[in-house]
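Computed over heavy atoms, backbone and side chain alike; hydrogens, waters and symmetry mates excluded. Everything quoted here is computed from the prediction, not taken from an experiment. Numbering starts at 1 and runs along the sequence shown.
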Amino acid sequence: MMINVLVAEDEPLILNSITKLIHSLDSDFIVCARAKNGLEVLQCLNSQPINIIFTDIKMPLLNGLDATKEIRESSREDLKHIPVIAMTADAFAEDVAACRMAGMNGHIAKPVEPKILTAALKQYTKKTRETES
C-alpha cells in the first residue's frame with residue numbers, strides 16, 4: 001500500500017531536503033503534495049488523498065497550528081483522522097503544548113534527522129493501516 005505524504009514547509013531548501021529524504025527511505029512512501037503554507041495544505045487535501053502530513057508550525061498566510069485546527073474541525077470525516085506531525089526548530093514545552101491543543105499527533109525537531117523521520121513515518125503508517133482495516 002502506497003502511503004501519500006504531504007509536506008508543508010515555507011523554506012524551499014528544507015522542503016526539498018525532506019521530500020528527498022522521504023523518497024529515499026522506503027518505496028511505500030511518496031510525497032504526493034507539497035505546500036508552502038497552511039492554505040496550500042487545505043487545498044491539497046481537497047484535491048487528493050493524503051495519509052500523513054508533516055508541517056512546519058511557522059508559515060505565512062496560515063500557520064501549521066491553524067491549518068491543523070481547520071483539518072480537525074472539518075466536516076469531512078476522512079480528514080479528521082489524518083496524522084499531522086509538526087516539524088519545528090523550537091521544541092519548547094509551550095510549542096509542544098500548542099501542537100497538542102491544535103490536534104497534532106506529534107512533533108519532530110528540525111533539522112530533521114533521517115532515523116527520527118523514519119520512526120515517525122512507520123509509527124503513523126501503522127496507525128493509518130490499522131484505521132483502514
Side-chain angles (χ1 to χ4, degrees):
M1 174 182 143
M2 192 63 84
I3 301 296
N4 292 333
V5 181
L6 185 158
V7 179
E9 168 62 60
D10 60 323
E11 293 289 334
L13 289 174
I14 297 171
L15 179 61
N16 288 336
S17 69
I18 291 170
T19 299
K20 285 179 187 169
L21 182 57
I22 290 171
H23 284 158
S24 73
L25 293 175
D26 190 322
S27 59
D28 285 350
F29 302 113
I30 181 165
V31 176
C32 65
R34 296 158 36 123
K36 296 184 295 290
N37 59 61
L39 293 177
E40 289 183 9
V41 168
L42 299 176
Q43 290 168 350
C44 290
L45 289 170
N46 288 325
S47 64
Q48 60 194 310
I50 303 291
N51 301 106
I52 300 174
I53 300 169
F54 286 92
T55 182
D56 188 10
I57 292 177
K58 297 174 184 160
M59 296 184 293
L61 302 178
L62 186 66
N63 68 40
L65 297 170
D66 291 337
T68 302
K69 287 177 192 168
E70 290 205 29
I71 292 166
R72 296 299 180 235
E73 294 168 1
S74 170
S75 59
R76 286 181 47 197
E77 285 300 315
D78 62 321
L79 298 184
K80 292 181 181 185
H81 304 292
I82 297 173
V84 181
I85 297 91
M87 299 181 298
T88 179
D90 309 317
F92 300 116
E94 57 267 19
D95 291 325
V96 173
C99 290
R100 273 197 216 107
M101 299 238 340
M104 291 180 167
N105 299 81
H107 69 282
I108 57 176
K110 290 195 296 189
V112 175
E113 292 184 35
K115 64 182 180 185
I116 306 249
L117 182 64
T118 301
L121 281 165
K122 289 186 176 172
Q123 176 184 356
Y124 293 106
T125 299
K126 185 175 182 235
K127 286 182 182 177
T128 299
R129 287 183 174 144
E130 287 170 357
T131 306
E132 290 176 356
S133 45

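K20 pairs by the salt bridge (Lys or Arg N to Asp or Glu O under 4.0 Å) definition with nothing, not counting sequence neighbours. For E70, the salt bridge (Lys or Arg N to Asp or Glu O under 4.0 Å) criterion is met by no residue, not counting sequence neighbours. I30 meets the side-chain contact (heavy atoms from CB on, under 4.5 Å) test with M2, N4, H23; sequence neighbours excluded. With sequence neighbours left out, Q43 forms a side-chain contact (heavy atoms from CB on, under 4.5 Å) with E40.
Pairing each heavy atom of L15 with each of E9, the nearest pair is N-CG, 3.7 Å. In this structure, G38 and A67 approach most closely via the heavy-atom pair CA-CB, 3.8 Å. Here the shortest heavy-atom pairing between E77 and H81 reads O-CD2, 3.4 Å. Taking each heavy atom of T55 and G64 in turn, the nearest pair found is OG1-CA, 3.8 Å. Across every non-hydrogen atom of N105 and Y124, the tightest pair is O-OH, 2.9 Å. Among all heavy-atom pairs drawn from P49 and C32, the shortest one is O-SG, 4.1 Å.
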From CA spacing to verdict: side-chain contact (heavy atoms from CB on, under 4.5 Å), F54, L117: CA-CA 10 Å; F54 286 92; L117 182 64; 3.7 Å; yes

side-chain contact (heavy atoms from CB on, under 4.5 Å) assessment of V5 paired with N51: CA-CA 6 Å; V5 181; N51 301 106; over 6 Å; no

D10/N37 under side-chain contact (heavy atoms from CB on, under 4.5 Å): CA gap, chis, key distance, verdict: CA-CA 6 Å; D10 60 323; N37 59 61; over 6 Å; no

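Side-chain contacts under 4.5 Å among hydrophobic residues (ILVMFWY), followed directly or transitively, place M101 with no other residue at all. Taking Ile, Leu, Val, Met, Phe, Trp and Tyr as members and joining any whose side-chain heavy atoms lie under 4.5 Å apart, directly or through other members, the hydrophobic cluster of M104 also contains L6, L39, V41, L42, L45, I50, I53, I57, L61, L62, L65, I71, L79, I82, V84.
How far NZ of K80 is from CZ of R76: 11.5 Å, rounded to the nearest 0.5 Å. If you take CG on D28 and CG on L121, they are separated by 10.5 Å, rounding to the nearest 0.5 Å. Rounding to the nearest 0.5 Å places NZ of K69 at 16.0 Å from OG of S74.
For R72 (side chain) and G103 (main-chain N/O), a donor-acceptor pair under 3.5 Å exists by modelled atom type.
Using a cut-off of 4.0 Å between Lys/Arg side-chain N and Asp/Glu carboxylate O, D56 and K110 are scored as salt-bridged.
Applying the 6.0 Å contact sphere to NZ of K36 captures no more than 12 heavy atoms from other residues, nucleotides or ligands.
The side-chain heavy atoms of P83 and I85, taken from C-beta on, include a pair separated by under 4.5 Å. In this structure the side chain of K58 never reaches within 4.5 angstrom of the side chain of N63, judged on heavy atoms.
Under a hydrophobic clustering in which Ile, Leu, Val, Met, Phe, Trp and Tyr are joined whenever their side-chain heavy atoms come within less than 4.5 Å, directly or via other members, V112 and M59 fall into different clusters.
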